[in-house]
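Below is one structure; the comments refer to it alone.
As the structure is a computational prediction, the values presented were derived from the model and not from experiment. One-based numbering, in listed order, for ligands and for the atoms of each.
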Amino acid sequence: MKKRIFLASPHMSEEEYEKKYVKEAFDTNWIAPLGENVNKFEEELAEYVGAKHAAALSAGTAAIHMAMKALNVKQGDIVFVSSLTFSATVNPVIYENATPVFIDSEEETWNMDPIALEKAFEKYPNPKAVIVVHLYGTPAKIDEIVKICKEHNVPLVEDAAESLGSTYKGKQTGTFGKYGIYSFNGNKIITTSGGGMLVSDDEERIQKVRFWATQARDKARHYQHSEIGYNYRMSNICAGIGRGQLKVLDDRIQKKTEIYNRYKEAFKDIAEIKMQPIPENTVPNHWLSAFVLDENSKVKPNEIMDALDKENIESRPVWKPMNLQPVFEKCDFISICNEEKSVGQKLFENGICLPSDTKMTEEEQKVVINIIRELFK
Ligand SMILES: *Cc1c(COP(=O)(O)O)cnc(C)c1O
């Protein structure tokens, strides 16, 4: 069996920074739960992205859930959510018994279409929150989206799980709204083996989230509870890995960018292939390189994925939009597309995520490229 080439997999630093922080935790027997690494990881991440406060949590999903709690999202509330995303973006809306309304993508960034968002406000004037996703590390049209949210006085939550380190007009994704969330799951640009972070400039809310995330224990010697809590805190070990990984985030972004640029160059003469665009004013982290095939392309996404799979190379379709998921079939979906298929559906049906692993060598990427190019001959 050939060596597997991954979409994206954990990549510890050559300098072994992660081991140093984890060892410190071991040496002091401070394995769990909280401790120096957790506090420092919060500080260091907040500083990196330019947020005032951060809460380290057990997963990105937990961070989105805590954002919903912090915004007092509850039964009867409507939350606007990017449709083209991973289910973890929307599940926390359901955990709080609120109702998601999905917003279609636009073609320039593949993210939430501001015009469709505006249209959603016509139908539902008072949503409790908007959750926008920066897909595969490419920033959404955030100026427009922030402006619309401000006009309607609705808080914005950025699901920046995939876009840590991406910037829009020089500002980090995750810092434009009331809350931003990041994920350190194993496949993300940096990992803690599993974990997440909630950032905000609102110190009181972040402290409240830390309280909820440690079982909502009131200040008392005995175990006293006035609220429902969660076991959502990041462990001191995971935070140690995170601190080490944060040191190589910029290297990872550089590598991911080189991978994207090589694909772009290699496919530029194939008219049917269109890479996920780099929108104006943005510097994406290029977590995953993805392209969309022309609808009339004679080569279909499945043929490409099958050909790669035969050589033990991982690739994936673009996320299946939430409005097409059986579990969300009763939810409303807002699009400005008059055609039979929404923008998100077309991206799903014709899109592919390419191997974007930072451990992939240039030679290995050439193999991937050649397999794909062969199909278009
Ligand atoms: C990975 C991911 C999440 C969830 O993060 P976890 O840390 O795995 O819980 C949420 N949203 C998007 C868009 C993601 O890609």
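Of all atoms in ligand 1, numbered sequentially from 1 with element shown, those under 4.0 Å from a heavy atom of Ala161 are 2 (C), 3 (C), 10 (C), 11 (N), 12 (C), 14 (C). For ligand 1 and Ala88, the ligand atoms under 4.0 Å from any heavy atom of the residue are 3 (C), 4 (C), 10 (C). Contact atoms of ligand 1 toward Thr89: 11 (N), 13 (C) (distance under 4.0 Å to a heavy atom of the residue).
Contact between Ala63 and ligand 1 is absent, with no heavy atom of the residue lying under 4.0 Å from the ligand.
For the pair Asp104 (side chain) and Val343 (backbone), a donor-acceptor distance under 3.5 Å is present. Side-chain atoms of Asn350 never come within 3.5 Å of backbone atoms of Glu295 as a donor-acceptor pair (strictly under, hydrogens ignored).
His65 and Tyr232 have perpendicular rings, their planes meeting at more than 60° on a 0 to 90° scale where under 30° would count as parallel.
In terms of protein heavy-atom proximity, atom 11 (N) of ligand 1 is nearest to Asp159 OD2, 2.7 Å. Counting protein heavy atoms only, atom 14 (C) of ligand 1 is closest to Lys188 NZ, 3.3 Å. When hydrogens are left out, the protein atom nearest atom 5 (O) of ligand 1 is Ser183 OG, 3.2 Å; that is the closest non-hydrogen contact. Of the protein's heavy atoms, Glu162 OE2, 2.6 Å lies nearest to atom 15 (O) of ligand 1.
You'll find the ring centres of Phe184 and Phe41 inside the 6.0 Å limit.
Looking at Thr61 against ligand 1, both its backbone and its side chain come within 4.0 Å, counting heavy atoms. Contact annotation: for Ala59 versus ligand 1, heavy atoms closer than 4.0 Å belong to both the backbone and the side chain.
Residues Leu117 and Ile336 fall into different hydrophobic clusters, defined by Ile, Leu, Val, Met, Phe, Trp and Tyr side chains chained together at heavy-atom separations under 4.5 Å. Val133 and Val81 fall into different hydrophobic clusters, where Ile, Leu, Val, Met, Phe, Trp and Tyr side chains are chained together by heavy-atom contacts under 4.5 Å.
Atom CD of Glu44 is separated from atom CG of Asn39 by 10.5 Å, given to the nearest 0.5 angstrom.
By the 3.5 Å distance cut-off applied to N or O atoms, Phe86 is not counted among the residues near ligand 1.
Ion pair Lys141/Glu118 not flagged as a salt bridge, since none of the NZ, NE, NH1 or NH2 atoms sits closer than 4.0 Å to an Asp/Glu carboxylate oxygen.
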